[in-house]
Amino acid sequence: MPHRRTINTIKNTNLNTINGDNMNFPLGYATSPPPRSIAPSAHLKRIAKFCIVGIALSVAVIKPATAANVMLYGVMDTFLGYYKNHETSVVNLNSGGLAGSRWGMRGEEDLSGDLKARFVLEGGINVTTGTAAQSGRLFGRRATVGLISKSLGKIEIGRQPTPGYDWGTIFDPILVAPASVIASLTGEIDNPWMFNPLTDPARLDNLIRYNSPLLAGLSISLSHSIAGNTSPTNQVKTYDVGSLIYQYQGLQLGYGFGRSSGTTDLTPDTKRQIEHAFGAIYRFPWFSVYLTYQLRMPKDSSADKAWQVGMRIPFGIRHAVHLGWGGRNGGLPDAAPANTLTQDVRVWAAAYIYEMSKRTSLYAYFKRLENRGSSRLTILPPAGLPNPAHNGEDVTTFGIGINHRF
């Protein structure tokens, strides 16, 4: 968890205003003696009235500051990456490798018993340019308000990650964005899956989400998005995404279900779809093993499948190696005509993470994407590497980066 700092809601109070220099209250007489014509009793009455008013104003101002805790937090992450296919290569600085760069505010207010009100505002940052990420949104990562109860769970409303995003981050063994295998299989494509850790619809506008409390190792998350995201291709699209996560000792299992309605263009990739996602992790004393299998079924078109296996191997408390290998079958045979592009790939990757401190990490990564049949997918850095010009080409990337959390 990133370190958070409390924002005091009252600070830098104007002492000149309080002592009366800019107020028509008797306390101002501290700097200019009162006229001799004012009787002492009248003067004392005016002082008493001012004190009463001052106490009332102090209570009115201070009470909200003590009732709600507002936390400031963030991540600054940048990396130098190299990307290459058979025709060209790209070297650039990018933002958000180990974790998306961001800044945010989170506030809670105790209401009654174990019930709290909470808001979260979180905006993505392009560290290399200082601009806003998520297409320039002010709070593109999250903008929610809701209620939290330890016994009943929590419900939050607004733009936020879906259970599909959480599922993707839990069961991604690499968890370094440019090296993520599951991101290449389900996120770095023209029609991203609902269960992916990289891009929309992993986050959605107009989302109502409920998370249950943990019961006997099981947690449930349900969400419904009204009208999806505000973009030309899915402005009337709605999403229903849910997940079940179970954990017992070293075993963690996950199932996800997603359903999306049709869009305005109703192309095979964007009309109504059903998704199923299965994940498993087993944590041994010296390493962890990851398995995922995903199935997507668009209406009236072929289903596509994605799978992944991976490992995390820690060395001491500061070092770790992450490994992943996976593939995707886009539902079309490898013998499809050359002008019929598929999305059949095999991807393998490795990452190394060094925790310098609780807040700062260094990392390095390598990933290779192998296109199969008539596939021409690429690895998508923010600066852009074009899709291969020919079928079946391979794409490679490697890089180093730094991550700091505050």
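Residue numbers run from 1 in the order of the sequence given.
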For Ser357 against Arg405, the heavy-atom pair lying closest together | O-NH2, 3.9 Å
Examine the side chains of Tyr293 and His276 and answer whether a donor and an acceptor come within less than 3.5 Å of each other.
-> no
Relative to the ring of Phe79, is the ring of Tyr363 parallel (under 30°), tilted (30 to 60°) or perpendicular (over 60°)?
-> tilted
I would like to know whether Arg312 and Tyr290 meet side-chain hydrogen bond (donor to acceptor under 3.5 Å, both in side chains); could you show each step before the answer?
-> CA-CA 8 Å; Arg312 289 187 186 178; Tyr290 291 71; 3.3 Å; yes
For the residue pair Ile313 and Phe287, what are the closest heavy atoms and their distance?
-> CG1-CB, 4.1 Å
Any salt bridge between Glu109 and Lys116, counting N to O under 4.0 Å?
-> no
Flag yes if more than 12 heavy atoms outside Leu115 fall under 6.0 Å of its CG atom; otherwise flag no.
-> yes
Ser260 vs Arg272, side-chain hydrogen bond (donor to acceptor under 3.5 Å, both in side chains): CA-CA, chis, key distance, verdict = CA-CA 5 Å; Ser260 62; Arg272 191 178 71 193; over 6 Å; no
Salt bridge Asp394-Lys84, side-chain N to carboxylate O under 4.0 Å = no
Do you see a donor-acceptor pair shorter than 3.5 Å between the side chains of Lys367 and Thr396?
-> no
How far does OH of Tyr210 sit from OG of Ser223, to the nearest 0.5 angstrom?
-> 13.5 Å
Can you check whether Arg376's main-chain N or O pairs, donor with acceptor, with Asn387's side chain at less than 3.5 Å?
-> yes
With distance as the sole criterion, is a donor-acceptor pair present between the side chains of Ser95 and Ser101 under 3.5 Å?
-> yes
Verify the neighbour count for atom CH2 of Trp325: are there more than 12 heavy atoms of other residues, nucleotides or ligands below 6.0 Å?
-> no
Could you go step by step and tell me if Trp348 and Phe366 meet the ring-ring contact (aromatic ring centres under 6.0 Å, His included) rule?
-> CA-CA 9 Å; Trp348 62 276; Phe366 177 90; 5.3 Å; yes
Spell out, as yes or no, whether a donor-acceptor pair under 3.5 Å connects the side chain of Gln134 to the backbone of Gly124.
-> yes
Residue pair Leu185 / Ala306: nearest heavy atoms and the distance that separates them | CB-CB, 4.2 Å
Verify whether one side chain among Ser149 and Asp114 offers a donor that lies under 3.5 Å from an acceptor in the other.
-> yes
Measure from the side-chain N and O atoms of Ser261 to the backbone N and O of Thr238, and report whether any donor-acceptor pair falls under 3.5 Å.
-> yes
Does Ser225 reach the main-chain N or O of Leu207 with its side chain, forming a donor-acceptor pair under 3.5 Å?
-> no
Would you call Asp304 and Arg328 a salt bridge, using N to O less than 4.0 angstrom?
-> yes
Begin from the C-alpha positions of Ser374 and Asn391 and carry the test side-chain hydrogen bond (donor to acceptor under 3.5 Å, both in side chains) through to its verdict.
-> CA-CA 5 Å; Ser374 55; Asn391 297 342; 5.0 Å; no
Is any NZ, NE, NH1 or NH2 atom of the basic residue among Glu122 and Arg141 found under 4.0 Å from an Asp or Glu carboxylate oxygen of the other?
-> yes
For His319 and Glu355, test the side chains for any donor-to-acceptor distance below 3.5 angstrom and give the result as yes or no.
-> no
Spell out, as yes or no, whether a donor-acceptor pair under 3.5 Å connects the side chain of His404 to the backbone of Met76.
-> no
Flag yes if more than 12 heavy atoms outside His390 fall under 6.0 Å of its NE2 atom; otherwise flag no.
-> no
Specify the closest pair of heavy atoms between Trp193 and Gln294, including all atoms of both residues, with the distance to one decimal.
-> CZ3-CB, 3.5 Å
From Trp167, Phe195, Tyr255, residue fulfilling ring pair (Phe, Tyr, Trp, His ring centres under 6.0 Å) relative to Phe278 = Tyr255
Decide whether a cation-pi geometry holds between Arg106 and Tyr73; the criteria are a distance under 6.0 Å from NZ or CZ to the six-membered ring centre and an angle within 45° of the ring axis.
-> yes
If only atom types and distance count, is the side chain of Asn196 paired as donor or acceptor with the main-chain N or O of Leu198 below 3.5 Å?
-> yes
After noting the C-alpha distance and the side-chain angles of Arg203 and Gln160, does the key distance pass the side-chain hydrogen bond (donor to acceptor under 3.5 Å, both in side chains) rule?
-> CA-CA 5 Å; Arg203 291 185 180 86; Gln160 58 187 304; over 6 Å; no
Residues Thr144 and Arg159: side-chain donor-acceptor under 3.5 angstrom = no
